[in-house]
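A quick write-up on the structure given underneath.
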Amino acid sequence: MSQAARAQRIGEWLIRSDCCRLPADVRAERCREWIAELPVILGDQSIRPPFVRTLRVLTFCAGISRATRQLSRATRAGSRPARNPKWQTGARQARPPSVAVRTVVGLVIWLVIVFGVITALRAHPDPHDWPFLLIVALAVSFDAFCLADIARAAQVRYLPKWAWALICLIQSPGGGIMYLSIGHISRPRPVPPGDAKP
Amino acid sequence: MKLTGPLERVLRVMLSDPTAPHYGYDLMKAAKLPSGTLYPMLARLQQEGLVDAEWEAQREDAGGRPPRKYYRLTADGLRVARIELAQASSPVTARVARRGATRPVPGSTQ
């Protein structure tokens, strides 16, 4: 495969995955528009030497990534009430937590972890315990990952969410592995436009 | 609509040939803007009705090239762009003129 064809394919793939961010009604059209630009860039003889064209395609795709983020944010801001009808029933306006709130929550979690590690180290000053502590830390973070995944999942397989959460907590890290292999449903990704063709 | 630097450049490019259709990469190159700036801007302009877009008809001589989307200033857009650019250029020229008047050219005897 020539370099241009490879760049074209990579670019198409990048643009398709970026377009998944866009609302469904404009997704296919945007995707078609941007993919149509790729051959133009690759065929632009004023950009020399040829590998710069490949670079240009990549920067183009990076820009498209930014553009899709911005466009999806703009449409979301326009249609926020429709997005979360469950939260709209009360008088309280549904808002994602602000940066300050998220920073504070993150800091608190971070401090808890740091203090936990410090107390654990104090309780086990013996350096022979350190590998054990490392394993415990890894298991705990894996459990946290699984719990976060359960909490964010729209639905899980075979068991209710709370049951999976319990399994993850009781049997660490085996429960988490079990959840990820059996109970986890990978998020239905929006179908990239243009993939429908056989 | 706030006239930002990139927007001004896009409008200038489009005004330089108001009837000609421009496609995205063309505008990117002429206005020297990254795609991440240009496309959201075009979408905004389109939403405000200043620019309208149409798909190129599939041609036989295109050599298998996919059809492009062309952007063109609407009549409204043309008017707004002219006004905005005129307003944008006048304070700048005024400032330059003022600066030239108040600050002596280095080397000149004053």
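Every chain is numbered from 1 and lettered A, B, ... according to where its sequence line falls, protein lines coming before strand lines.
- Contacts of R32(A) with chain B are made by both backbone and side-chain atoms, with heavy-atom separations under 4.5 Å.
- Applying the 6.0 Å contact sphere to CZ of R56(A) captures no more than 12 heavy atoms from other residues, nucleotides or ligands.
- No continuous path of hydrophobic side-chain contacts links W34(A) to L14(A) [ILVMFWY only; heavy atoms under 4.5 Å].
- Of the atoms belonging to Q70(A), it is side-chain heavy atoms, and not backbone ones, that fall under 4.5 Å from chain B.
- L55(A) and V57(A) end up in the same hydrophobic cluster when Ile, Leu, Val, Met, Phe, Trp and Tyr side chains are linked at under 4.5 Å.
- At a threshold of 4.5 Å between side-chain heavy atoms, the hydrophobic network of Ile, Leu, Val, Met, Phe, Trp and Tyr places L78(B) and V51(B) in one connected group.
- For S65(A), no part lies near chain B; criterion is any non-hydrogen pair under 4.5 Å.
- In this structure, I150(A) is not a member of the same hydrophobic cluster as I109(A), with clusters built from ILVMFWY side-chain heavy atoms closer than 4.5 Å.
- Looking at every heavy atom in both residues, E33(A) comes nearest to W55(B) through N-CH2, 3.4 Å.
- Distance OH/Y39(B) to CD1/I64(A): 5.5 Å, rounded to 0.5 Å.
- Residue M41(B) does not touch chain A at all, counting heavy-atom pairs closer than 4.5 Å.
- Of all non-hydrogen atoms in P66(B) and A36(A), the two that sit nearest each other are CG-CA, 3.8 Å.
- Note that CD of Q47(B) is 9.5 Å distant from CG of L71(A), once rounded to the nearest 0.5 Å.
- Transitive grouping of hydrophobic side chains (ILVMFWY, heavy atoms separated by less than 4.5 Å) brings Y179(A) and I182(A) into a common cluster.
- Two residues are said to be in side-chain contact when any heavy atoms from C-beta on lie closer than 4.5 Å; S35(B) and E37(A) fail this criterion.
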